[in-house]
Amino acid sequence: MIHQMKLQSEPFEKMKSGEKTIEIRLHDEKRRKVVRGDIIEFSKLSQMSETLSVKVIDLYPYSTFEDLLGAFPLSDFGAKNKKQLLEKLFTYYSKKEEYTNGVLGIR
């Protein structure tokens, strides 16, 4: 199955270069449909015509972003600072959404 997702420019470029190998999302209804072997087509938000297709090789469901980030090297997320990455995640998602859905790392 092919899934469509959008990414901000910076994480898109990090994924494209291979610097980022795990994408972080809420484990919401849309992400619950993703399984190993599926393809995700990421569209770069600043230029929706630029896309990157990747094959899902593993899924990591966790209760919180903190738990997910603690389970892997920060470099897998294209990050160097855990606190800054958490702050950025909470500009996109609320604590309530995190609590309600859980989170998902997609490799």
Side-chain angles (χ1 to χ4, degrees):
M1 178 174 234
I2 298 175
H3 305 272
Q4 306 290 324
M5 296 185 199
K6 298 173 187 164
L7 266 178
Q8 296 289 335
S9 294
E10 183 182 349
F12 182 94
E13 292 301 328
K14 286 181 177 183
M15 190 170 290
K16 185 176 173 181
S17 72
E19 181 181 348
K20 178 181 179 177
T21 59
I22 299 177
E23 173 60 9
I24 304 169
R25 298 287 170 129
L26 285 178
H27 199 192
D28 57 13
E29 186 177 332
K30 181 177 180 181
R31 262 46 73 169
R32 291 180 198 280
K33 295 176 184 175
V34 177
V35 298
R36 286 185 196 102
D38 282 357
I39 301 295
I40 298 176
E41 185 176 89
F42 290 104
S43 297
K44 186 176 180 180
L45 276 175
S46 62
Q47 302 166 327
M48 293 295 287
S49 61
E50 189 172 353
T51 61
L52 176 66
S53 293
V54 298
K55 184 176 183 177
V56 176
I57 57 174
D58 220 339
L59 300 164
Y60 310 108
Y62 281 84
S63 298
T64 67
F65 292 120
E66 180 99 31
D67 291 344
L68 174 61
L69 296 179
F72 301 92
L74 283 177
S75 59
D76 286 354
F77 305 102
K80 293 180 177 128
N81 183 295
K82 184 177 179 179
K83 183 181 176 193
Q84 287 177 343
L85 181 54
L86 282 168
E87 287 172 0
K88 187 156 199 135
L89 287 166
F90 285 115
T91 65
Y92 301 117
Y93 307 117
S94 70
K95 288 272 190 184
K96 182 178 180 183
E97 289 173 313
E98 177 191 45
Y99 176 78
T100 303
N101 297 289
V103 303
L104 183 67
I106 305 169
R107 183 181 303 271

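Since the model is a prediction, treat every value here as computed from it, not as a measurement. We use all heavy atoms of the structure for the numbers below, so side chains are in, but hydrogens, waters and symmetry mates are not. Heads up: numbering here begins at 1 and tracks the sequence.
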> Is it true that L89 and F72 fall in one hydrophobic cluster, defined by side-chain heavy atoms closer than 4.5 Å?
Replying inline: yes

>> Do the side chains of K33 and D38 get close enough for a salt bridge, i.e. N-O under 4.0 angstrom?
In response: no

> Which distance, rounded to the nearest 0.5 Å, do you find between the NZ of K6 and the OG of S43?
Replying inline: 7.5 Å

> Looking at A79 and L85, what are the two nearest heavy atoms and their distance?
Replying inline: CB-CD2, 3.8 Å

> Nearest 0.5 Å, what's the CD-OG1 distance between E41 and T51?
Replying inline: 4.5 Å

>> D28 vs E97, test: side chain to side chain contact (heavy atoms under 4.5 Å, CB included). Steps then yes/no.
In response: CA-CA 9 Å; D28 57 13; E97 289 173 313; over 6 Å; no

> Roughly how far, to the nearest 0.5 Å, is the CG atom of L86 from the CD atom of E98?
Replying inline: 8.5 Å

> Under a 4.5 Å side-chain heavy-atom rule over Ile, Leu, Val, Met, Phe, Trp and Tyr, are L104 and M5 clustered together?
Replying inline: yes

>> Less than 4.5 Å apart, side chain to side chain, heavy atoms only: is that true for E13 and K44?
In response: yes

> Considering all heavy atoms of both residues, which atom of K20 and which atom of P11 are nearest to each other, and what is their separation?
Replying inline: NZ-CB, 3.5 Å

> Are V54 and V34 in one and the same hydrophobic cluster, where Ile, Leu, Val, Met, Phe, Trp and Tyr link if side-chain heavy atoms are under 4.5 Å apart?
Replying inline: yes

>> Between F77 and L68, is there a side-chain heavy-atom distance shorter than 4.5 Å?
In response: yes

>> Quick one, R36 with D58, criterion side chain to side chain contact (heavy atoms under 4.5 Å, CB included). Give me CA distance, side-chain angles, the key distance, then yes/no.
In response: CA-CA 6 Å; R36 286 185 196 102; D58 220 339; 2.8 Å; yes

>> Over 60° means perpendicular and under 30° means parallel, so tell me whether F65 and Y93 are parallel, tilted or perpendicular.
In response: parallel

>> Are E23 and I40 packed together at the side-chain level, in the sense that at least one heavy-atom pair is separated by less than 4.5 angstrom?
In response: no

> Where do E10 and K88 come nearest, in terms of heavy atoms and distance?
Replying inline: OE1-NZ, 4.1 Å

>> Can you confirm whether Q4 is buried at CD, in the sense that more than 12 heavy atoms of other residues, nucleotides or ligands lie under 6.0 Å from that atom?
In response: yes

> Crowded around M48 CE? As in, over 12 foreign heavy atoms under 6.0 Å?
Replying inline: yes

>> Under the criterion side chain to side chain contact (heavy atoms under 4.5 Å, CB included), I'd like the reasoning laid out for R25 against K30: C-alpha separation, chi angles, the key distance, then a yes or no.
In response: CA-CA 10 Å; R25 298 287 170 129; K30 181 177 180 181; over 6 Å; no

>> On a heavy-atom basis, which atom in L69 and which in I24 lie closest, and how many Å separate them?
In response: CD2-CD1, 3.7 Å

> Considering only heavy atoms from C-beta outward, does the side chain of V56 approach that of I39 to under 4.5 Å?
Replying inline: no

> So which of K16, Q8, K14 actually passes side-chain contact (heavy atoms from CB on, under 4.5 Å) with F12?
Replying inline: K16

>> I'd like to know if Y92 and F42 are part of one continuous hydrophobic network [Ile/Leu/Val/Met/Phe/Trp/Tyr, side-chain heavy atoms within less than 4.5 Å].
In response: no

> Between L59 and V103, is there a shared hydrophobic cluster once you connect ILVMFWY residues whose side-chain heavy atoms come closer than 4.5 Å?
Replying inline: no

>> Testing the basics here: between I22 and G105, what is the closest heavy-atom pair and its distance to 0.1 Å?
In response: CG2-CA, 3.7 Å

> Atom NZ of K82 and atom CG of L74: how far apart are they, to the nearest 0.5 Å?
Replying inline: 7.5 Å

> Which heavy atom in N101 sits nearest to a heavy atom in R32, and how many Å separate them?
Replying inline: O-NH2, 3.1 Å

